[in-house]
Amino acid sequence: MEPKEVEEKIIKFWEKEKIYSFDKKSRKKIYSIDTPPPTVSGNMHMGHAFMYSQMDFIARYKRMRGFNVFYPFGTDDNGLPTEKLIEKIKNVISKNMSRTDFINLCLKTLKEILPSFVQDWKNLGISCDYGKMYSTIDDNSRKISQRYFLDAYKKGLIYKKEFPAIWDTTFQTAVAQAELEDREQETLFSTLRFKVKGSNEEILIATTRPELLGACVAVFINPNDKKNKKLAGKKAIVPIFNHEVPIIEDKSADMEKGTGILMICSYGDKYDVDAVIRHKLIPRIIINKDGTLNINPYKGLSIKKAREKILEDLKNKDLVKEQKKIKHFVNVYEKSGTEIEFIPTIQWFVKILDFKKDFINQAKKINWLPNHMIKRYENWVNGLDWDWIISRERHFGVPIPIWYCEECNEIVLANESELPVDPTNISKKCKKCKKKATPETKVLDTWATSSLTPQIVSHLYENKIKIPYSLRPQGHDIIRTWAFYTIVRSFLHEKTIPWKNIFITGNVTLKGEKMSKSKGNVVDPQTILKKYGADALRYWAASSKLGDDVEYQENDVIAGKKLVTKMLNASKFVFMNLKKKPKKPKKLEKVDDLFLDELNNVVSTSTIRFEDYNYSRAKFNVDEFFWKNFCDKYLEIVKWRVYNGNKEEKESAFYTLYHSLLTILKLMAPIVPFVTEEVYQTYFEKYEKDKSIHISDWPKSDKKRREKLQKNRAYYELGLIIDKIRQEKTKAQKSMNSEIILTLTKEDKSKIKELIDDLKHVTNAREIKDGEFKIEFT
RNA sequence: GGCCUCGUAGGCUAGUGGCAAACCCUCUCGUUUACACCGAGAUGUUGAAGGUUCGAUUCCUUCCGAGGCCACCA
């Protein structure tokens, strides 16, 4: 059978036998995973394959360790990407439909496209429980999201306020600090001439945003600025618009920057917002929500057009002292790429600034893997300047379950029993004045819902899953959003941490750059899966340390493919002569017993590594043991007995082969689940109690054997001597099985005194003499 | 400007206060009773300098280089 067919067969077997289903009735300890719900848009990409493989190693290990693993699967569908996808597939425009209709269409479409989307994850061998999937836009998610909104409101953690919020003029919505990106841009840095009232004096102010002149509300100078000191308290006259603004001393003005004098506009940036509030200035709002100006003579022009026009006008009036091109960084909204504006609107905020310390304390209670990733989190929390804006002026999303009284502005909350609710579908009356209340039309930020994945999923399973969960796996790019907001919600609502461990995965790079669609350097995992199989791809994903970015190398995938082949072949050899389950012989051959000590040692190190979430080291150890120790050494050593040995010698060999192969397969099962299952089903299943290797017990390390190994490393010494002999044979350009006469030092001989016969057989030595190490060919 | 991570063979990565490891590539051999999707071997001033130490690739300091996060962007 082709590997692909084998994998398909095994996937079907797992599904049929419900190997990965969460068992609600089980009394086993629960290991719960807050699986990241991927956004449904196209197919699985390499970053997904990398990250989901890594979390799957842990899930599979824990399952074999006897945990009742809770590993759900969901999709994140309440954001812009889904809205666009549905619009494209169904050829509709979201805003032309009612929200409820669009959500229903979305749910219906998801049902259609989900099976093929999820198939990518199944094909990779991701062992989630696919039986009960969730979507962040489904009824349960909307219900929980709205319930927690109401809860926060009742607790006074959410407030509504008119505030110059970060605004995206493309999508015309407020956005959160976490959704901003930096972009380097070339722009004109113009030094403009302002007049001082009551004199002919001129002051020079540099700006990159001359179109905001009409919004200028003050001019700042530094109190230590001796040169400009005399201006303090006077009024400046804004060019073109000719309105007067106060000249204020403010120590935040940097004498080194620009001309040392700056203008405050409502609002150019965050600094302006602070300045206006601090000095209680009356804002002049000249930018509309759609990014046009509302002030003559630039009314209706876009920001960009207005900037060009005003510079032209300024130049014509000789108001531009000088102009130069500079490169600087601007804040853009990550989804639109448009420069953000600060526009006063009424928005809903979650109080987060008051709790910065708590959020850091909460994070410290969580085990961060790798540890240093907590620094990024702390960095982010310390740098927060805004409360979290959770309302969005989007059509699609989880509606805010609120109505306002038109008369007295009283807020009417949805009842718990009504959830999930779209307030635009229900009419409510104000409790105070009995007048009709208007529905809130805004929706919640997608993070406001996805930050509740532990609660959402737990609710789906009748709250059997307790918070904190055992593990949150996620990428480092969303520490400031998903990880942060989830910690925020669990703390604000429940005063708890959401999970005990957080496992941060790195990016996949190609030629040193992050693999991403926009850079056009993507490799499609489906092609790789078809060519080399899922085990091979997972093998590659296991090759780097947790949290590190990793360079995609097809060579590593090929190495994984080779391992799969080797495992099949080694298993074939083991069972070639073995017709029934070997019993433990009364007495093991010495070399077998010593080999089992070595095997026991790998069990021990591999277990320690997995307990540490260090799957890459575990894989490395087992892989090396299998290849070097088991295949190259032990199988060669044991061959003579398998072919020529007497009954006892054979029994000892068969027992050791059976036991060690099964152990190695189990140790590798989390990494390469398909080939290990295939071998298990073909050879072991009929003798073992478990129907799948993935629910079989993880091998136990035996303390006595570990102690024995400390005292006796004869097997290891034997290996070294074998290597030396092979080296000599290679040097002499002889074949590995060429017959030799071996001379060994007394020291070497005594190290392996119980294994002399094994050495003879494996190196085809006719006799072993005493003396300096040497080999002679017969 | 602040913080974080990384720098190990031609490539991609492990690892350790005591002989530096695997895989791929290249080269030289061998092999066909598990495996040619095979086996054996060859390939290194561990980015640089200094310090701690009997001993540093590992710990510390500085520098150089790469990447990331954040801030600043009048």
Side-chain angles (χ1 to χ4, degrees), chain A residues 3 182 184-185 187 189-192 204-209 212 219-220 252-265 268-272 275 326-331 370 372-385 476-477 479-480 506-507 509 512-514 532 536 539-540 543-545 547-577 614 616-617 619-621 623-624 627-628 631-632 635-636 639 642-643 722-723 725-738:
Chain A
D182 280 348
E184 193 170 26
Q185 237 175 22
T187 191
F189 191 51
S190 315
T191 305
L192 310 180
L204 298 172
I205 294 178
T207 181
T208 55
R209 299 203 60 184
L212 288 176
V219 166
F220 276 13
S252 72
D254 187 338
M255 293 187 289
E256 305 300 317
K257 278 187 194 163
T259 58
I261 307 175
L262 77 150
M263 62 171 182
I264 302 299
C265 302
D269 56 22
K270 196 169 64 190
Y271 178 88
D272 286 346
I326 57 158
K327 273 193 170 177
H328 72 156
F329 285 92
V330 292
N331 263 322
H372 67 257
M373 289 294 177
I374 196 175
K375 293 278 178 200
R376 291 203 195 177
Y377 173 94
E378 286 179 14
N379 220 339
W380 174 254
V381 175
N382 286 327
L384 281 170
D385 294 313
H476 60 58
D477 48 336
I479 289 175
R480 67 179 190 175
N507 287 327
T509 60
E513 291 209 60
K514 181 179 169 179
Y532 302 106
Y539 179 92
W540 159 75
S543 62
S544 92
K545 225 175 12 181
D548 278 8
D549 288 352
V550 80
E551 175 74 10
Y552 174 73
Q553 280 230 128
E554 198 151 317
N555 278 336
D556 287 336
V557 182
I558 293 170
K561 179 79 200 320
K562 282 187 177 179
L563 172 78
V564 169
T565 310
K566 192 81 173 175
M567 280 187 152
L568 291 171
N569 283 318
S571 306
K572 196 167 101 192
F573 171 76
V574 169
F575 284 93
M576 210 164 49
N577 301 294
N614 194 344
S616 64
R617 195 62 206 280
K619 182 213 98 172
F620 188 83
N621 289 147
D623 189 24
E624 192 180 39
W627 214 279
K628 300 273 165 200
C631 293
D632 296 348
L635 292 189
E636 293 302 322
K639 261 180 192 171
V642 168
Y643 297 137
I722 292 172
D723 284 342
I725 294 165
R726 285 178 175 169
Q727 210 169 2
E728 291 302 316
K729 285 185 174 179
T730 298
K731 263 188 205 161
Q733 305 198 348
K734 295 282 187 182
S735 75
M736 283 304 123
N737 62 6
S738 51

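Just so it is clear: chains get the letters A, B, ... in the order the sequence lines come, proteins before strands, and each one is counted from 1. None of the values given here were measured: they were computed from a predicted structure.
Panel note: side chain A:Asp623, backbone A:Lys619; no donor-acceptor pair is recorded below 3.5 Å.
The base of B:C3 is not paired with the side chain of A:Lys375 by any donor and acceptor separated by under 3.5 Å.
Taken together, the paired segments of RNA chain B that extend over three or more consecutive Watson-Crick or G-U pairs, each closer than 3.5 Å at both contacts, are B:1-7 with B:64-70, B:26-30 with B:38-42, B:47-51 with B:59-63.
Scored by the ring pair (Phe, Tyr, Trp, His ring centres under 6.0 Å) test, A:Phe220 finds A:His279 as partners (sequence neighbours excluded).
Between A:Lys566 and B:G39 there is a side-chain polar atom (N or O) within less than 4.0 angstrom of OP1 or OP2. Between A:Lys628 and B:C23 there is a side-chain polar atom (N or O) within less than 4.0 angstrom of OP1 or OP2. Considering only side-chain N and O atoms, A:Thr208 lies under 4.0 angstrom from the phosphate OP1 or OP2 of B:A74. Residue A:Gln733 places none of its side-chain N or O atoms closer than 4.0 Å to OP1 or OP2 of B:G41. OP1 or OP2 of B:G39 lies within a sub-4.0 Å distance of a side-chain N or O belonging to A:Trp627. Between A:Lys562 and B:C35, a side-chain N or O to OP1/OP2 separation shorter than 4.0 Å is absent.
Backbone-only engagement by A:Asn555 is indicated by non-hydrogen atom pairs under 4.0 Å involving sugar-phosphate atoms exclusively. Using a 4.0 Å heavy-atom distance criterion, A:Lys619 is classed as making no nucleic acid contact. Using a 4.0 Å heavy-atom distance criterion, A:Arg209 is classed as making no nucleic acid contact. Residue contacts shown for A:Ala559 are limited to sugar-phosphate atoms, with no base heavy atom under 4.0 Å away. Counting non-hydrogen atoms under 4.0 angstrom, A:Phe220 reaches nothing in the nucleic acid.
Nucleotide B:C29 holds its P atom 19 Å from the NZ atom of A:Lys729, rounded to whole Å. Rounded to an integer number of Å, the gap from A:Asp477 CG to B:U5 C1' is 16 Å. The CZ atom of A:Arg726 sits 14 Å away from the P atom of B:A42 (whole-angstrom rounding). When rounded to the nearest whole Å, the span between CG of A:Asp723 and P of B:G39 equals 14 Å. Protein atom CD of A:Glu624 is 11 Å distant from nucleotide atom C1' of B:C23, rounded to whole Å. The nearest whole Å value for the distance from the CG atom in A:Asp623 to the P atom in B:A22 is 12 Å. B:C23 atom C1' lies 15 Å from atom CH2 of A:Trp540, rounded to whole Å. Summarising the geometry, the separation between CE on A:Met736 and P on B:G30 is reported as 10 Å, rounded to the nearest angstrom.
For A:Asn379 and A:Gly260, each mapped to the nucleotide of RNA chain B holding its nearest heavy atom, the one lying further toward the 5' end belongs to A:Asn379.
Only the C1' atoms considered, B:G47 is 11 Å distant from B:C6, to the nearest whole Å. Here the separation of B:U8 from B:G15, taken at their C1' atoms, is 10 Å to the nearest Å. Taking atom C1' on both nucleotides, B:A20 is separated from B:A14 by 11 Å, rounded to a whole Å. Here the separation of B:C29 from B:U13, taken at their P atoms, is 33 Å to the nearest Å. Comparing the same atom, C1', in B:C54 and in B:G68 gives a spacing of 40 Å after rounding to whole Å. Taking atom C1' in both B:A22 and B:C12, one finds a spacing of 11 Å when rounded to whole Å. Atom name C1', nucleotides B:U58 and B:G67: the rounded distance is 22 Å, in whole Å.
Counting heavy atoms from C-beta outward, A:Asn379 and A:Lys375 have side chains that stay 4.5 Å or more apart.
The CD1 atom of A:Ile479 sits 12.0 Å away from the CH2 atom of A:Trp380 when rounded to the nearest 0.5 Å.
Within the structure, salt bridge (charged side-chain N to carboxylate O under 4.0 Å, His left out) contacts touching residues 554-569 of chain A (residues at least two apart or in different chains) are A:Lys531-A:Glu554.
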